[in-house]
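By convention here, the first residue in the shown sequence is residue 1. All values below come from the heavy atoms of this structure, side chains included, with hydrogens, waters and symmetry mates left out.
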Amino acid sequence: MDGLTSRFRDPSLAKRVIEKIRKLAPPYTVRFCHVCGTHEYTITHYGLRSLLPETVDVIAGPGCPVCVTPAFEIDRAVSLALKGVTVLTFGDVIRVPGSEISLLDARARGGDVRVVYGVGDAVRIAREEPDKEFVFLAIGFETTAPSTANEILNGPPENLSFLIVHRLIPPVMELLLGIGDLQIDGFIAPGHVSTIIGMKPYRIFPEAYRMPTVIAGFEPLDVLFGILMLLRQVREEEARLENEYTRSVTWEGNVKAQRLIHEAFDVESGYWRGLGRIPSSALRLKDEFSEYDAKRKYDITVGRSRELMPGCLCHLVMIGKIKPPECPLFMKACTPQKPKGACMVSVEGTCSIWAKHGVRGRLRAQL
Ligand code: SF4
């Protein structure tokens, strides 16, 4: 067992961190928001919420890229699949509902929809089948955008184009701060995204919004340390940008990956499912790569979209306004086997995580 692993498996260290959290917890409620599906998994799977004092609440923001993909983008991919274009995308995405049907439904109706592990697979498949037309539905945050950019910059085959639905995390964090009745007292910033973008883009939160912000990793102890660091800032009435995930995140981030993003994409305002249009939150292919843009290559105008199924409260779950059990459909009409909303589809969706790990997590937390 190496030093890092032993640190994260040391229950006495976890106990000491939790004791410190309990000592620092204020008598009034503080609410810390993360924006990462993996953080939600760690918190729920390991039952971390049940270890926190009652006055410390952790809410899940829009950190699931599959969940925030707008229905009309799924509709576009469905329309392509039904027209004979082969759609390639990640596993979770094919089950996400569009306005009427999902890509999985499109496959059942004869469309060629294939799951790939990454954009590299899409390029390989397109090269192996030069007589077919392919579209890669590229979703994800700053973490996956560099891989898409890299393939585009390397010149993919002519029979492959891209439906780009990449979204950016700092702008949606800013949006959350503008939601009047959503009390947020600190951000737990996402580890994966921060590995790419570094600490710099988060300066705005303490500097302009006086919002304590801590970048945290994904082990249970990372999250607990992140909460402790935020509580210290609250106690000191200070707002700082701090980095708990120093083993992966630097001030500048991955400059090479950032360069790939900037060479392939422009930043524009983008629509997020259930949240509306957010300024400077989306990536668009630069004009010089328009030949790879599926929206320009094909006529895929779609009608008015329906973002949420009747009764689905994903838009409230995704901003942490409610927790999944507060949705009347949770584990009744909406289950991981028969999801009604995007938050129940992806492994990173808050409803799916609560459905699969909620009870087990509460039993697991016995520190
Ligand atoms: Fe939507 Fe299902 Fe979550 Fe309710 S439980 S918010 S219907 S995904």
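- Here Phe289 pairs with nothing under the ring-ring contact (aromatic ring centres under 6.0 Å, His included) rule; sequence neighbours left out.
- Asp57 contributes no side-chain N or O that, together with a main-chain N or O of Thr29, makes up a donor-acceptor pair within less than 3.5 Å.
- With sequence neighbours left out, Tyr298 forms a ring-ring contact (aromatic ring centres under 6.0 Å, His included) with no residue at all.
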Please tabulate, for side-chain N and O atoms in residues 223-230, each donor-acceptor pair with protein atoms closer than 3.5 Å (sequence neighbours left out).
none

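- Among residues at least two apart or in separate chains, there is no ring-ring contact (aromatic ring centres under 6.0 Å, His included) pair with a member in residues 324-347.
- Under the rule for a side chain to side chain donor-acceptor pair (under 3.5 Å), the partners of Arg296 that lie at least two apart in sequence or sit in another chain are Asp287.
- Checking side-chain atoms of Ser352 against main-chain N and O of Ser346 turns up a donor-acceptor pair under 3.5 Å.
- Applying the ring-ring contact (aromatic ring centres under 6.0 Å, His included) test to residues at least two apart or on different chains, the pairs with a partner in residues 92-138 are Phe90-Phe136.
- Scanning for side chain to side chain donor-acceptor pair (under 3.5 Å) contacts around Glu242 gives Gln233, Arg240, with sequence neighbours left out.
- Between Phe218 and His192, the distance separating the two ring centers is shorter than 6.0 angstrom.
- Residues Tyr271, Val302 make up the rest of the hydrophobic cluster containing Phe72, defined by ILVMFWY side-chain heavy atoms closer than 4.5 Å, directly or through other members.
- For residues 195-217, the pairs satisfying salt bridge (Lys or Arg N to Asp or Glu O under 4.0 Å) are Lys200-Glu252, with sequence neighbours left out.
- In this view, Asp105 and Ser102 satisfy the side chain to side chain donor-acceptor pair (under 3.5 Å) rule, not counting sequence neighbours.
- When the side chain to side chain donor-acceptor pair (under 3.5 Å) test is applied to Arg124, the partners found at least two apart in sequence or on another chain are Glu128.
- Scanning all heavy atoms of the two residues, the minimum distance from Ala77 to Val87 falls at O-CG2, 3.5 Å.
- By the ring-ring contact (aromatic ring centres under 6.0 Å, His included) test, Tyr41 is found to be paired with His45, His357, residues two or more places apart in sequence or in another chain being considered.
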